[in-house]
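FYI, side chains are in, hydrogens and waters are out, and symmetry mates aren't considered; it's all heavy atoms of this structure. Throughout, protein chains are lettered first and strands after them, A, B, ... in sequence-line order, and every chain is numbered starting at 1.
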Amino acid sequence: MEAALRALSDVEPLLRALGVLLLAFVFAAARAGKTGGAAAPGPRAFLARFGAALAVQTSLVAALNYAVNPFGMYSTHIVEPIVPHSRAEKMRLYAAFQPPPEIVVLGNSESFTMPPGYIRERTGRPAFNASIHGGVPGDYLAFFRYMLALHKVPQVLIVPVSVEVLRPNLPTGFEPHDPLSSFRTGEAGGRLGVAGELIGLRQTEASLRLLAVEGKGRGTPQYRFDADGFGHFLDTRPLDEAVDAYLAKDWAPSLFDFEDLDSAQISHLEELLSLCKEHGVRVVVYVPPYHPRAAAVYERTSRLPELKAQMLSRLHQWQRQSLILAVHDFSHVESFAGSAAMFHDLAHPTAEASRRMLAVMLPRLAPDS
Amino acid sequence: MLFPSHAFLLVFLPAAVLVYWLVPPQGGWRKGWLLLSSAVFYGSAGVGWLLLLLGMTGATHLAARHLMSSARPAARRLGLALVFANLAALAAFKYYDPVATALNARLLRLALPLGMSFYTFNLLGYGLDVFRRRVEPAATFLDLAAYSTFFPTVASGPLMRWSDFRGQVDAARCTDAGIERGIFNLTLGLAKKLLVADWLAQVADPLWGASSSLGLWGAWIALLAYHFRIYFDFSGYSDIAVGLGHLLGVSVPANFKAPYTARSMTEFWQRWHVTLSEWFRDYLFFPLSRGLLRRGGSRHPSLVRALTLVTTMSLIGLWHGPSAGFLVWGAYQGLLLAVNAQLRDGRRTPWRAGWARAATTLAVLIGWVVFRSSSLGGAGEMYAALFGARGWGPAPTSLPGVGLEFLLLLGGLAVLTNLPRDTGELRPRRGWAYAAALAALLTIGLMWIEKPAPFLYFQF
């Protein structure tokens, strides 16, 4: 039972292996030549059988996803859906936030704990944390366009930029029906997207995982947000265990195995900076820290140092072009008087660490600076 | 709109095929619908690119229909010049900026339109055939535009001669056998691309990205993964294109004929990217050989052949892109072909099949290193690792993404690619079990559509 639930939790490798085996079978068992014997069924019989099998199989997949409804997209409600929702929630909170924020943090989960309350205390200016789960420069740009659409543009943006968000082949699409997608250019969606997703891998995986979760019992959610967007991490694992779990993930060793930063994300970032300049918004960029143990591993075994140098060179170039007000490199905890204890896991600093980073950044943001 | 996308498979393709068979074939209705479908398909990548393609088609039609059919030599020469202007346009898009960068000149910053390397060669071949009076020119612009924009092949081939295409659309009949073969090829192509090639890419790309730190194990796994990836990616695309052709009743030439079973480099090039090698053979190799032989080369025919082979293959290398790596790869292929031809002339006893196949595979693998590497320096690093200059390196299963299942995949693919037939020579079995397996393969393929990596040959 335990093994079956584990297999359901990560069905992609199994499905892929099944697909490859089917391909090998279909390829190796196919007929050579033109036709079968006189008694062999004709192509119409094959088409009927193939069509029936395809209809049954795709209907089964669609029925599973419709019934389980893992992302809460349909009217069914047999099990409680898994709905990552940071984008929708941050957009809602931002629209409701009063007075309009003058300083906004625009990043991903690495900056969830940047405390708007502390910013207000230090500067006297209303602040909001618009960081979203899995956010990358394309998302920051989309969120900024959303701010423009609301006519609620801040005076200052604080943006974390790391090599991780500038890597090629970034995993995206963390949140189904991402409402930010309407602020991106060139995105498909609509009814066709919904139909495609109903038989898609992401939803099928989520359905099976959700069934496994129902079998094993649900855990606590990972985070929740205050009205000013500040994020609370709710994972209660010991820090060392959390760091080990991250480092053990199979993607960790290959995270920085690429030659160049992703040109698409670079151009999104450049477009965001240009748009900010056009609207008189000052931008402060910082490089977020890794837990010292992880930083040491990455610096010793991966291309992170070279890639970070590439990234900083680009950021300083934009700073020289007055697109960025200041660049702060907080890769190492010493740079902001932090410590190894000031993390929730490998990549997510605590609110105390964030306050210390802000203490370095905020003097540059005094109204007369 | 990519072939492996919901928009293409669930909306565009059923609509395009259904209306294609419903409209009458006469009076240009079917061809008009085909052109409209192709324009929607290609235009979804960029309206500007579509206008460029139609413009180049219009210019070629003007040249072939009106200038080349003239009795006046000057008009015919003008027509030929207009056809070669297509090549100039391709050169401007593909080669100008890299050359300008090298010369420190002003850049045009032009993005290469999707499929331009393919449709330019189709138009150029058509123009040359009309000029040599080997084929009749297309009667109308619609005829030629339906050919040049043909949506199954416009993005990445297979290259298709006008003489093979003309008449097929008007004469096409919707048959069960055609639909059967179309679905079979389409399913196999999608599975090759989405389930195999993309998995291989996921592992191979990071390994190639870190080629300077690979040991012997890592380098060979990276090379084998790329060896299979390029075949499954490109042959998968070609299978889909051939399958789409069947759905429209148009026979599209096969691009791959079990290339990894070749027992010599000559045979490899008769099986790999067949339509491109045949194009270069007919429009460059033969005319160049004949020209050199007429100009005194007949005293040294072997030398002429070697020179022509190296020139032709170097240009095939450069067709892939303006880099030293592609040039070296092409010249290397030309040299191997020349040596192969020389040995054949010497009538040496041929190697036993197994040894010949192994030697050919090794020669192909060595070539892929310089083809795949982003620079000659990078290729040098990879060669060093492959020949053990950096030791064994980490054990295979400790490399990122390489588990036992990946090693089994490589082993399985080695067996599969050594089977004597490629997709084009296969037909589905018609029993329930086989139909259900093929349907399951398509169902899994449809699941995987959400995030396909672009086809490798889109970049060329």
Side-chain angles (χ1 to χ4, degrees), chain A residues 13 15-36 40-58 60-61 168-169 171-173 188 192-193 195-197 199-202 204 250-254 257-259 302-303, chain B residues 5-7 10-11 175-181 183-184 187-188 191-192 194-196 199 202 205-207 209-210 213 374 399-401 403 405 409 412 415-416 419-421 423 425-432 434-451 453:
Chain A
L15 273 174
R16 188 167 56 189
L18 174 66
V20 172
L21 288 175
L22 280 169
L23 174 64
F25 167 74
V26 162
F27 199 86
R31 295 174 303 135
K34 287 185 178 165
T35 53
R44 183 158 296 187
F46 168 79
L47 289 175
R49 289 166 185 181
F50 174 82
L54 185 66
V56 168
Q57 290 165 10
T58 49
L60 281 174
V61 175
N169 300 322
T172 52
L192 177 63
E197 281 178 33
I199 53 167
L201 179 66
R202 202 161 53 128
T204 309
D250 58 358
W251 47 261
S254 59
D257 279 344
F258 55 89
E259 293 281 330
S302 78
R303 298 198 67 240
Chain B
S5 69
H6 291 130
L10 302 180
V11 178
T175 62
D176 293 338
I179 303 293
E180 178 193 57
R181 290 201 60 193
I183 287 173
F184 180 70
T187 305
L188 251 61
K192 277 182 172 181
L194 295 168
L195 299 175
V196 180
W199 184 3
Q202 227 174 317
D205 285 350
L207 288 177
S213 57
S374 48
L399 292 164
E405 70 283 6
L409 173 76
V415 174
L416 212 58
L419 294 178
R421 295 182 303 271
T423 314
E425 295 144 293
L426 299 175
R427 310 283 180 277
R429 290 190 179 280
R430 289 170 179 160
W432 267 108
Y434 194 89
L438 194 69
L441 191 58
L442 183 55
T443 304
I444 294 177
L446 287 171
M447 285 172 133
W448 242 263
I449 269 175
E450 285 173 336
K451 280 181 193 166

Requested in this report: Please state whether the side chain, the backbone, both or neither of S213(B) comes within less than 4.5 Å of a heavy atom of chain A.
Outcome: neither
Residues 434-444 of chain B side chain polar contacts: donor-acceptor under 3.5 Å, at least two apart:
residue	atom	partner	partner atom	Å
Y434(B)	OH	V26(A)	O	2.5
T443(B)	OG1	Q57(A)	OE1	3.2
T443(B)	OG1	A439(B)	O	2.8

Requested in this report: Show your working on side-chain contact (heavy atoms from CB on, under 4.5 Å) between W448(B) and L15(A) and close with a plain yes or no.
Outcome: CA-CA 10 Å; W448(B) 242 263; L15(A) 273 174; 3.7 Å; yes
Report summary line: Rounded to the nearest 0.5 angstrom, the CG-OG1 distance for L54(A) and T187(B) is 8.0 Å
Query raised in the report: Which atoms form the tightest heavy-atom contact between F46(A) and R429(B), and what is the distance?
Result: CD1-O, 3.4 Å
Report summary line: Highest number of heavy-atom pairs under 4.5 Å with chain B among L21(A), V20(A), L201(A) belongs to L201(A)
Requested in this report: Measure I183(B) against the heavy atoms of chain A and call it side chain, backbone, both or neither at under 4.5 Å.
Outcome: side chain
Report summary line: In terms of heavy-atom contacts, K192(B) and F27(A) come closest through CE-CE1, 4.4 Å
**Report entry** Option that, when pairs with chain B are counted at under 4.5 Å, heavy atom only, ranks first among A52(A), A45(A), A29(A)
**Finding:** A29(A)
Query raised in the report: Do you know which two heavy atoms are closest between R49(A) and R430(B), and how far apart they sit?
Result: NH1-O, 2.8 Å
Query raised in the report: Do the non-hydrogen side-chain atoms of I199(A) and I449(B) ever get within less than 4.5 Å of each other?
Result: no
Report task. Could you look at A17(A) and say if it's the side chain, the backbone, both or neither that has a heavy atom under 4.5 Å from chain B? Result -> neither
**Report entry** Atom group of L409(B) that falls short of 4.5 Å from chain A, counting heavy atoms
**Finding:** side chain
Query - For L23(A) against V196(B), the heavy-atom pair lying closest together - result: CD2-CG2, 3.6 Å
Report summary line: With sequence neighbours left out, the residues meeting side chain to side chain contact (heavy atoms under 4.5 Å, CB included) with A177(B) are P43(A), T175(B)
